[in-house]
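In the text below, chain A, chain B and the rest are named by the order of the sequence lines, each starting its count at 1. On a predicted model such as this, the values are computed, not experimentally measured, just so you know. When reading the values below, keep in mind they use all heavy atoms of this one structure, side chains included, and skip hydrogens, waters and symmetry mates.
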There are 2 protein chains.
Amino acid sequence: MSETKDRPYHHGDLRRALIDTALAMLATDQNWAFTLREVARRTDVSHAAPYKHFRDRESLLRELARIGFVQLEEAMSVAMSSGPSSTRARFVAVARACIDFALCNPGLYRLMFSADADKTMDPHLHDAAMATFGILLRLLEEGLRDGSFRPVAISALAAASWAQVHGLAMLAISGQLLEEKVGPEPVLAALDVLLDGVCRGG
Amino acid sequence: MSETKDRPYHHGDLRRALIDTALAMLATDQNWAFTLREVARRTDVSHAAPYKHFRDRESLLRELARIGFVQLEEAMSVAMSSGPSSTRARFVAVARACIDFALCNPGLYRLMFSADADKTMDPHLHDAAMATFGILLRLLEEGLRDGSFRPVAISALAAASWAQVHGLAMLAISGQLLEEKVGPEPVLAALDVLLDGVCRGG
DNA sequence: CCCTCCATGTTTACAGGAGAAACTTATCGG
DNA sequence: CCGATAAGTTTCTCCTGTAAACATGGAGGG
């Protein structure tokens, strides 16, 4: 602890450190009552220091949510461009990527869709969320173009797909897909149900 | 033991009054930072009075969520038994009932599915949620029996349907179904997408 | 090379919430 | 009529978010 005392008065990149601490705590404690003071404490900094980098508590929460969307976008993007499989297989892969992300970061995922991360308050957060949504749109467009998906208004496909994936992710996080009478692979099965409507000639 | 059914002494029925106040405030303020003291204030009692009827703040929240599930179950039940339409039409009606309920009670609906209302903490809440889910199951069983739905494992149908309806409800609450490039009836369109996989020979 | 600015920290202060404990009051069974 | 007890109040402690005043130390101008 003597070493920690040696740290310079100015932290270097406290903003980043606070974000990292908060993300780590979100990852650790499944449902953690977010507290600015606790974040400051674990970053070895006074409880007022965060206010030099974030206007208020929600400002930090929104930044965390934004980072979450960026990470989710990347995960989905990787899943989408991995392997030259069919569009349907890629759809499943992208959906799984989203749900896996939620299962690996339940606290962060909840935050991203909670009222605490109000997207109307932060254009950057809104943009990040839209970019993530955009991946799904591109995938749907592709499926429409190559004839894998039935010719339905893309808005309907997008709403259904987004609702399905997000709904499954939330259910999975809440553990409501494992305890009840669900089969071995409830997520895949549910996605198949949706897809046999999306795909032509299921 | 006093929590179940006791006669009022002083206030009348403070437990009920507190619940009503909280429900009213949930209905009024879209996103209200729930506060026990505020509930007590608006019920004209001291801030410690609620503790005579609820162990803690979350206990009241769980009771509110339980009531929400009961109301939702009733709304869905009404929708399910209204009119001798096709199973598909009744599926849509039940889904609409759920989404309409969410739109009419966004705060309550959010609470019902938030981490604050931990279903593992209260058997009554869990049962209420399961009863609501049960309506969907009965509808799916019926559709399987009469051949309206494709012969898929009911767990898959249930997961897909529940995820879809809940996902649409959450998106609708967040206003993400209106601002984007969605058609005139995004909910119906999305449900049709799902159903054309659920229904045989869509 | 020193001195002064100012971004980034810290300390102090205050309002408000959760909850516990002690105290008060009214209702009821005997 | 009288305790016992449920129901409500006061008071207290600890916590949080946030603002204001103060401290520090690195960067840039003389």
Sub-3.5 Å donor-acceptor pair from the side chain of [X] to the main-chain atoms of [Y], do we have one?
| X | Y | value |
| --- | --- | --- |
| B:Thr28 | B:Met25 | no |
| A:Arg57 | A:Leu36 | no |
| B:Lys119 | B:Arg62 | no |
| A:Ser114 | A:Asp116 | yes |

Could you state the [atom1]-[atom2] distance from [X] to [N], rounded to the nearest angstrom?
| X | N | atom1 | atom2 | value |
| --- | --- | --- | --- | --- |
| B:His53 | D:dA6 | NE2 | C1' | 9 Å |
| A:Leu18 | C:dT8 | CG | C1' | 12 Å |
| A:Phe54 | D:dA19 | CZ | C1' | 18 Å |
| B:Leu60 | C:dG19 | CG | P | 11 Å |
| A:Leu14 | D:dT24 | CG | C1' | 15 Å |
| A:Asp56 | D:dT16 | CG | C1' | 14 Å |
| B:Glu58 | C:dG17 | CD | C1' | 14 Å |
| A:Arg57 | D:dA19 | CZ | C1' | 18 Å |

Closest heavy-atom pair, A:Thr43 versus A:Ala17, reported as atoms and distance to 0.1 Å, is CG2-CB, 3.8 Å
Looking only at heavy atoms, what is the nearest atom pair of A:Ser161 and A:Leu140, with distance?
OG-CD2, 3.9 Å
Does the base of D:dT10 carry an N or O that pairs as donor and acceptor with the side chain of B:His47 under 3.5 Å?
no
Could you identify which residues of residues 111-119 of chain B place a heavy atom less than 4.0 Å from some atom of DNA chain C, listed by residue number, or say none?
none
Does anything in residues 31-40 of chain A come within less than 4.0 Å of DNA chain D? Heavy atoms only, and list the residues if so.
A:Phe34, A:Thr35, A:Leu36, A:Arg37
Start with the C-alpha distance between B:Leu72 and B:Leu108, add both sets of side-chain angles, then the distance that settles side-chain contact (heavy atoms from CB on, under 4.5 Å), and finish with yes or no.
CA-CA 10 Å; B:Leu72 175 57; B:Leu108 184 56; over 6 Å; no
Considering only heavy atoms from C-beta outward, does the side chain of A:Asp192 approach that of B:Val152 to under 4.5 Å?
no
Any B:Arg88 side-chain heavy atom under 4.5 Å of B:Asp196 side chain
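Answer yes - side chains close enough.
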Students often mix this up, so state it plainly: with edges at 30° and 60°, are the rings of B:Phe133 and B:Trp162 parallel, tilted or perpendicular?
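Aromatic pair B:Phe133/B:Trp162 classed perpendicular.
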Pick base, sugar-phosphate or nothing for B:Arg41, based on heavy-atom distances below 4.0 Å to the nucleic acid.
sugar-phosphate
For nucleotides 20-22 of chain D, which of its nitrogen or oxygen atoms have a protein nitrogen or oxygen under 3.5 Å away, and what is each distance?
none

Using side-chain contact (heavy atoms from CB on, under 4.5 Å), reason through A:Cys98 and A:Tyr109 one step at a time and then give a plain yes or no.
CA-CA 10 Å; A:Cys98 180; A:Tyr109 191 86; 4.0 Å; yes
Terminal axis angle for the helix from C:dC1-D:dG30 to C:dG30-D:dC1, five pairs an end, nearest 10 degrees
10°
Applying side chain to side chain donor-acceptor pair (under 3.5 Å), which residue pairs with at least one partner in residues 127-140 of chain A are found, sequence neighbours left out?
none
What pairs of residues pass the ring-ring contact (aromatic ring centres under 6.0 Å, His included) test when at least one of them lies in residues 56-82 of chain A, not counting sequence neighbours?
A:Phe69-A:Phe113
A:Tyr51 or B:Pro50: which one's nearest nucleotide on DNA chain D is closer to the 5' end?
B:Pro50
Which is it for B:Met80 and B:Glu142 under the side-chain contact (heavy atoms from CB on, under 4.5 Å) test, yes or no, and what are the steps along the way?
CA-CA 11 Å; B:Met80 178 158 158; B:Glu142 186 186 304; 4.2 Å; yes
